[in-house]
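These figures come from a predicted structure and were not determined experimentally.
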Amino acid sequence: MNVYAIEADALRRSYAGGFEAVTGLTFSVAHGEIFALLGTNGAGKTSTVEVLEGLAPACGGTVRVLGHDPYRERAAVRPRIGVMLQEGGFPSDLTVAETVRMWAGCTSGARPTGEALDMVGLAARATVRVKQLSGGERRRLDLALAVLGRPEVLFLDEPTTGLDAEGRRDTWELVRALRDGGTTVLLTTHYLEEAEALADRLAIMHEGRIVTAGTPAEVTASRPSRIRFRLPEGVGAERLPLTLRAARHLGRQVEIRTHELQDALAELLRWADDQGVRLDGLDARSASLEEAFLDIARSGRAVATTETVGV
């Protein structure tokens with residue numbers, strides 16, 4: 001067995017007119033790992049995933065899924081993977097159960113229809129026609145078809161779009177259970193909370209390339225923590241200790257950024273106690289994945305981590 005379930009080496013993908021959507025991507029995903037691919041619209045996520053799924057050939061570089069080229073060796077790869085596209089197309093007049101049975105007829109080793117529907121919370125909607133489903137229910141049906149064949153590798157493109165909070169959490173639990181059962185999962189999502197909650201590792205794309213990768217903790221640790229508070233009237237930010245210079249302040253509102261949150265907060269509280277100063281609205285928190293993502297989206301700068309892509 002290969003060490004990695006998914007491997008991309010210097011992957012490139014171009015479109016008519018010379019537009020290069022993916023520019024030399026290199027990364028890998030281990031067996032039994034959840035890997036999230038993040039990026040703004042147009043970053044190249046879907047273009048990348050379509051190549052990995054075998055829906056389009058690479059224009060350069062190499063791609064391997066379960067040791068095979070997913071496009072040229074599609075017959076060897078397709079029965080072993082599950083694919084959930086951003087939007088599925090179902091015959092609107094079929095019922096939910098009929099749709100699953102139809103798909104099962106084209107799927108090797110398919111789960112029983114009832115089991116697949118129960119996994120995604122659609123068992124009670126089995127006799128409802130597809131055209132009567134809500135948008136969130138259609139996404140659940142998409143997911144049921146993606147896991148129908150007990151895939152070794154599961155591709156999920158924006159899996160929880162349109163789901164309510166409960167549906168999103170249920171989907172997370174299912175994805176974790178699949179991972180714990182040995183399934184490798186590669187997902188794209190615009191929900192950073194989702195990536196932070198699910199991913200063992202993630203990569204953030206910008207303009208067709210990966211600019212940072214690692215565990216969610218490694219990516220967020222590269223960003224400074226922040227402390228925010230309001231100073232009382234008559235106390236200016238210039239009175240703060242030099243080691244606690246404000247990253248920015250507007251009137252009484254102050255923000256301090258630091259890579260040593262505990263030390264900085266302890267020093268701030270000691271200073272406030274010594275000076276008899278009350279810090280209204282005091283809020284201290286570690287950096288978030290959202291902050292790292294937004295910084296990259298705005299500037300395209302790489303965020304250093306302790307992990308290199310694909311390791």
Side-chain angles (χ1 to χ4, degrees), residues 5-6 29 31-36 49 52-55 65-66 70 74-189 191 194-195 197-200:
I6 300 170
V29 183
H31 290 275
E33 181 178 43
I34 299 176
F35 188 90
V49 173
L52 299 175
E53 292 168 343
L55 300 178
V65 175
L66 298 171
R74 185 170 176 78
V77 176
R78 187 64 190 92
R80 302 170 66 187
I81 68 173
V83 176
M84 181 180 181
L85 301 175
Q86 282 191 21
E87 185 175 347
F90 307 119
S92 61
D93 286 328
L94 292 183
T95 67
V96 169
E98 288 169 345
T99 301
V100 175
R101 285 197 293 269
M102 179 187 68
W103 197 258
C106 306
T107 303
S108 302
R111 303 176 191 271
T113 296
E115 178 185 332
L117 292 180
D118 190 57
M119 288 175 68
V120 299
L122 281 180
R125 305 286 279 168
T127 60
V128 175
R129 296 190 186 279
V130 169
K131 63 184 177 184
Q132 296 173 310
L133 297 179
S134 68
E137 288 172 333
R138 291 187 184 216
R139 288 309 280 160
R140 289 173 183 255
L141 182 55
D142 279 328
L143 182 56
L145 300 187
V147 303
L148 189 60
R150 309 173 197 273
E152 296 173 53
V153 176
L154 179 61
F155 294 98
L156 302 175
D157 202 355
E158 305 290 345
T160 61
T161 299
L163 296 182
D164 58 22
E166 182 182 9
R168 186 170 296 128
R169 298 286 175 171
D170 289 345
T171 298
W172 293 1
E173 289 303 314
L174 174 57
V175 171
R176 290 190 188 104
L178 290 167
R179 185 269 313 276
D180 292 344
T183 300
T184 302
V185 181
L186 187 146
L187 67 92
T188 70
T189 180
Y191 299 116
E194 182 163 278
L198 283 180
D200 299 305

For Val77 and Val65, the nearest pair of non-hydrogen atoms, with its separation, is CG2-O, 3.8 Å
Which atoms form the tightest heavy-atom contact between Leu117 and Ala126, and what is the distance? CD1-CB, 3.9 Å
Evaluate the side-chain proximity of Leu55 to Arg74: yes if any heavy-atom separation is below 4.5 Å, no if none is. yes
Main-chain N/O of Ala116 paired with Arg111 side-chain donor or acceptor, under 3.5 Å: no
Do Gln86 and Thr161 have side-chain heavy atoms sitting under 4.5 Å apart? no
Kindly say whether Pro151 contributes a backbone atom to a donor-acceptor pair with the side chain of Thr183 at under 3.5 angstrom? yes
Reported OG1-to-CG distance for the pair Thr189 and Leu156, which is rounded to 0.5 angstrom: 10.0 Å
Going by salt bridge (charged side-chain N to carboxylate O under 4.0 Å, His left out), Glu152 matches just one of Arg179, Arg78, Arg80. Which one? Arg80
Close side-chain approach of Met102 and Thr107, heavy atoms under 4.5 Å: no
Under the side-chain hydrogen bond (donor to acceptor under 3.5 Å, both in side chains) test, residues paired with Asp180 that sit two or more places apart: none
List for me each residue that meets side-chain contact (heavy atoms from CB on, under 4.5 Å) alongside Arg139, sequence neighbours excluded, and say none if there are none. Met84, Asp142, Leu163
Rounded distance [0.5 Å steps], OH in Tyr191 versus CG in Leu198: 13.5 Å
Salt bridge check: are Lys131 and Asp93 linked by an N-O gap of less than 4.0 Å? yes
Can you check whether Leu133 reaches Phe90 side chain to side chain, under 4.5 Å on heavy atoms? no
Verify side-chain contact (heavy atoms from CB on, under 4.5 Å) between His31 and Leu66, making sure each step is shown before the conclusion. CA-CA 9 Å; His31 290 275; Leu66 298 171; 4.0 Å; yes
For a quick test of reading the model, state the closest non-hydrogen atom pair linking Leu122 to Leu141 and the distance between them. CD1-N, 3.6 Å
So, for Ala197 and Arg176, which heavy atoms are closest and what is the spacing to 0.1 Å? O-NH2, 3.4 Å
Output the distance between atom CD1 (Ile81) and atom OG1 (Thr184), rounded to the nearest 0.5 Å. 12.0 Å
So, does Thr188 use its side chain to make a donor-acceptor pair with the main chain of Glu158 at under 3.5 Å? yes
Measure the shortest side-chain to side-chain distance between Ile6 and Phe155 over non-hydrogen atoms and say whether it is less than 4.5 angstrom. yes
Looking at Val120 and Arg140, what are the two nearest heavy atoms and their distance? O-NH1, 2.8 Å
Could you check whether any side-chain heavy atom of Val128 comes within less than 4.5 Å of a side-chain heavy atom of Glu137, counting everything from C-beta outward? no
Non-hydrogen atoms of Val153 and Ala5 that approach each other most closely: CG2-CB, 4.1 Å
Salt bridge check, Arg169 against Glu166: does any charged N sit closer than 4.0 Å to a carboxylate O? no
